[in-house]
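Lettering of chains follows the sequences in order, A, B, ..., and the numbering in each one begins at 1.
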Protein chains: 2
Amino acid sequence: MALAHTILVLLANTPRSGYDVSKCFDDSVGCFWKASQQQVYRELARMEQQGLVEFEAVPQEGKPDKKIYRVTPVGMQELSAWFTEPTDPAPIREDLLVRVMAGPYGPRELLVQEVHRRRQMHHDQLQRYREKEANYRAIAQPSPPLQFLYLTLRRGIRYETDWIEWCDEVLTILKESADPQEDASTAQSAL
Amino acid sequence: MALAHTILVLLANTPRSGYDVSKCFDDSVGCFWKASQQQVYRELARMEQQGLVEFEAVPQEGKPDKKIYRVTPVGMQELSAWFTEPTDPAPIREDLLVRVMAGPYGPRELLVQEVHRRRQMHHDQLQRYREKEANYRAIAQPSPPLQFLYLTLRRGIRYETDWIEWCDEVLTILKESADPQEDASTAQSAL
DNA sequence: TTGACATACCCAATAAGTTGAGTATAAACT
DNA sequence: AGTTTATACTCAACTTATTGGGTATGTCAA
């Protein structure tokens with residue numbers, strides 16, 4: 001249900017169109033929540049039906065009307081109520097770890113390659129987050145919404161850093177135990 | 001699609017019943033993949049139809065037949081083919097971070113409480129993982145499947161540790177900037 | 001003896017997420 | 001001149017996941 005609440009928070013900060021909300025999922029909140037444009041539009045329509053948000057149609061030339069959504073009092077009430085409910089850790093479903101577990105059933109090099117590739121991806125993402133962090137730190141008086149968003153960015157930075165470190169750990173172990181059959185004692189001490 | 005492949009790897013290690021596969025999702029692979037019993041049964045039925053696995057029905061008294069699944073040659077082929085495909089990082093959908101972003105719209109104490117609670121959960125999970133790690137290290141000659149599974153356990157340990165550290169970071173910041181209105185300069189330097 | 005827990009499976013309804021296309025226009029780049 | 005990128009929203013089909021029930025039986029403890 002948190003998709004609706006994420007959107008509520010975004011709209012509570014600033015009234016926006018569905019398109020703009022969708023962009024937030026690529027930018028600011030992307031480090032902890034993903035949603036496709038279709039999901040956003042559908043959710044907004046549902047939320048409007050439930051009275052959590054309302055929109056003002058802004059006519060445009062050639063394009064469909066822009067719907068600027070804002071949170072209603074009912075929506076703010078919902079946000080408050082939701083604030084008191086406990087949250088659960090997100091279930092993890094990580095393809096790469098399935099691949100690692102499948103290690104004995106495929107060539108070692110392919111696995112090493114894949115971990116390398118993933119390390120690079122996390123490295124690149126970390127760079128983007130670090131830039132955003134630098135931008136944030138340059139703001140003299142960040143607004144409360146920004147201050148809290150920064151905490152989520154910190155989570156993103158930690159997450160990527162942690163992945164990189166794990167990749168390095170795995171690559172080291174895979175290198176050390178390259179041929180367990182040839183030298184079983186080495187392989188063993190490596191683990 | 002990785003649910004099927006996770007099951008394939010589990011069955012490649014040891015033929016098991018659906019019930020036993022389901023238990024693995026609570027135990028060994030729980031740190032990177034969750035699946036309900038229903039999901040497992042449905043997936044196994046689908047995989048059987050596709051010829052990836054086959055089962056031997058073991059009659060039991062009073063209970064339904066136990067179906068012991070094993071991977072077929074076609075299943076092993078599928079596993080090999082899948083091994084060459086790249087994996088994508090799992091999209092993150094973290095309720096707690098939505099809550100943090102919603103920080104300005106609820107009482108500070110509630111947020112602090114929630115982060116505390118989550119810290120405790122990650123702490124407890126970490127303890128469980130550390131026990132499993134100790135068990136693993138006590139094994140003289142771990143089999144290759146176990147060796148690779150250990151790498152995924154390392155990921156779990158890192159993950160939980162990382163969360164705990166982030167919780168501590170957030171709790172520190174929330175304490176420091178307890179009342180930004182009263183002392184804006186302190187609040188600012190804290191961020 | 002009642003209730004919780006473990007074994008072992010199946011079914012159905014709903015919710016959520018993904019994929020791919022379609023309707024329009026305009027600016028910027030190649 | 002043609003492609004990409006951006007704006008702005010909609011619809012339909014499909015796959016996946018969740019929730020909550022049901023069928024059976026046996027064991028263990030309060």
Side-chain angles (χ1 to χ4, degrees), chain A residues 1-7 10-11 14-27 29-30 32-50 53-69 87-95 98, chain B residues 1-7 10-11 15-27 29-30 32-50 53 55-69 87-95 98:
Chain A
M1 293 280 138
L3 175 57
H5 294 98
T6 308
I7 294 176
L10 289 172
L11 295 178
T14 317
R16 292 172 221 268
S17 68
Y19 186 85
D20 287 331
V21 169
S22 173
K23 268 199 305 181
C24 286
F25 281 94
D26 297 332
D27 306 344
V29 303
F32 63 93
W33 206 275
K34 312 277 178 195
S36 65
Q37 218 181 42
Q38 288 79 353
Q39 258 180 291
V40 171
Y41 282 121
R42 188 184 32 170
E43 197 63 33
L44 277 171
R46 205 181 291 162
M47 290 163 74
E48 202 265 325
Q49 265 192 316
Q50 294 173 343
V53 295
E54 60 190 9
F55 65 86
E56 188 195 349
V58 179
Q60 299 192 121
E61 284 168 39
K63 303 170 198 174
D65 286 1
K66 185 191 276 198
K67 294 180 181 175
I68 303 290
Y69 287 91
T87 61
D88 288 318
I92 320 160
R93 291 206 170 96
E94 193 56 69
D95 284 27
V98 180
Chain B
M1 295 283 139
L3 175 56
H5 295 98
T6 308
I7 294 176
L10 288 172
L11 294 179
R16 299 169 149 96
S17 70
Y19 187 84
D20 288 330
V21 168
S22 174
K23 271 200 302 182
C24 286
F25 281 94
D26 297 331
D27 306 344
V29 303
F32 63 93
W33 206 275
K34 314 275 179 197
S36 65
Q37 217 183 45
Q38 288 79 352
Q39 258 180 291
V40 170
Y41 282 122
R42 188 186 32 169
E43 197 63 35
L44 277 171
R46 206 180 292 162
M47 290 163 74
E48 201 265 322
Q49 265 191 317
Q50 296 173 342
V53 295
F55 66 85
E56 187 194 350
V58 179
Q60 298 192 119
E61 284 169 38
K63 304 171 198 172
D65 287 2
K66 183 191 276 199
K67 294 179 180 176
I68 303 290
Y69 287 91
T87 62
D88 286 318
I92 318 162
R93 290 205 171 97
E94 193 57 67
D95 284 27
V98 180

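- A straight line from OH of A:Tyr19 to P of C:dA24 spans 19 Å, rounded to a whole angstrom.
- In this structure, B:Arg46 CZ and B:Leu3 CG are separated by 8.0 Å, a value rounded to the nearest 0.5 Å.
- Atom CD1 in A:Ile7 sits about 13 Å away from atom C1' in C:dA16, given to the nearest Å.
- Residue side chain A:Arg42 reaches the base of C:dG17 through a donor-acceptor N/O pair under 3.5 Å, judged by distance alone.
- Atom P of nucleotide C:dT23 and atom CD of A:Gln37 are separated by 17 Å, given to the nearest angstrom.
- Put simply, the side chain of A:Gln38 and the base of C:dG20 share a donor and an acceptor less than 3.5 Å apart.
- Rounding to the nearest 0.5 Å places CD of A:Glu56 at 13.0 Å from NZ of A:Lys67.
- The phosphate of C:dC9 (OP1 or OP2) has a side-chain N or O of B:Ser17 nearer than 4.0 angstrom.
- Side-chain N/O atoms of B:Tyr41 include none lying less than 4.0 angstrom from OP1 or OP2 on C:dC10.
- Rounded to the nearest 0.5 angstrom, A:Ile7 CD1 and A:Trp33 CH2 are separated by 10.5 Å.
- Here B:Lys23 does not reach the OP1 or OP2 of C:dA6: none of its side-chain N or O atoms lies under 4.0 Å away.
- Put simply, B:Ser36 has no side-chain N or O that comes within less than 4.0 Å of OP1 or OP2 on D:dA17.
- Along DNA chain C, the nucleotide nearest B:Pro91 and the nucleotide nearest B:Gly18 are compared for position; the residue whose nucleotide lies closer to the 5' end is B:Gly18.
- Within the model, atoms CZ of B:Arg16 and NZ of B:Lys66 stand 12.0 Å from one another, a figure rounded to the nearest 0.5 Å.
- Taking side-chain N and O atoms only, A:Arg46 has no distance below 4.0 Å to OP1 or OP2 of C:dA15.
- At least one side-chain heavy atom of A:Leu11 sits less than 4.5 Å from a side-chain heavy atom of A:Leu44.
- Between B:Lys66 and D:dT25 there is no side-chain polar atom (N or O) within less than 4.0 angstrom of OP1 or OP2.
- Taking atom NZ on B:Lys34 and atom P on D:dT19, their separation rounds to 14 Å, with Å as the unit.
- The nearest whole Å value for the distance from the CG atom in A:Leu44 to the P atom in D:dA8 is 14 Å.
- Contacts of B:Arg16 with the nucleic acid, taken as non-hydrogen atoms under 4.0 Å apart, are absent.
- Remark: C1' of D:dA8 and CZ of A:Phe25 are 17 Å apart, rounded to the nearest angstrom.
- Per the geometry, CD belonging to B:Glu43 stands 13 Å off P belonging to D:dT18, to the nearest Å.
- Distance A:Asp26 CG to D:dT5 P: 14 Å, rounded to the nearest Å.
- One finds no side-chain N or O of B:Gln39 lying less than 4.0 angstrom from the OP1 or OP2 phosphate oxygen of D:dT16.
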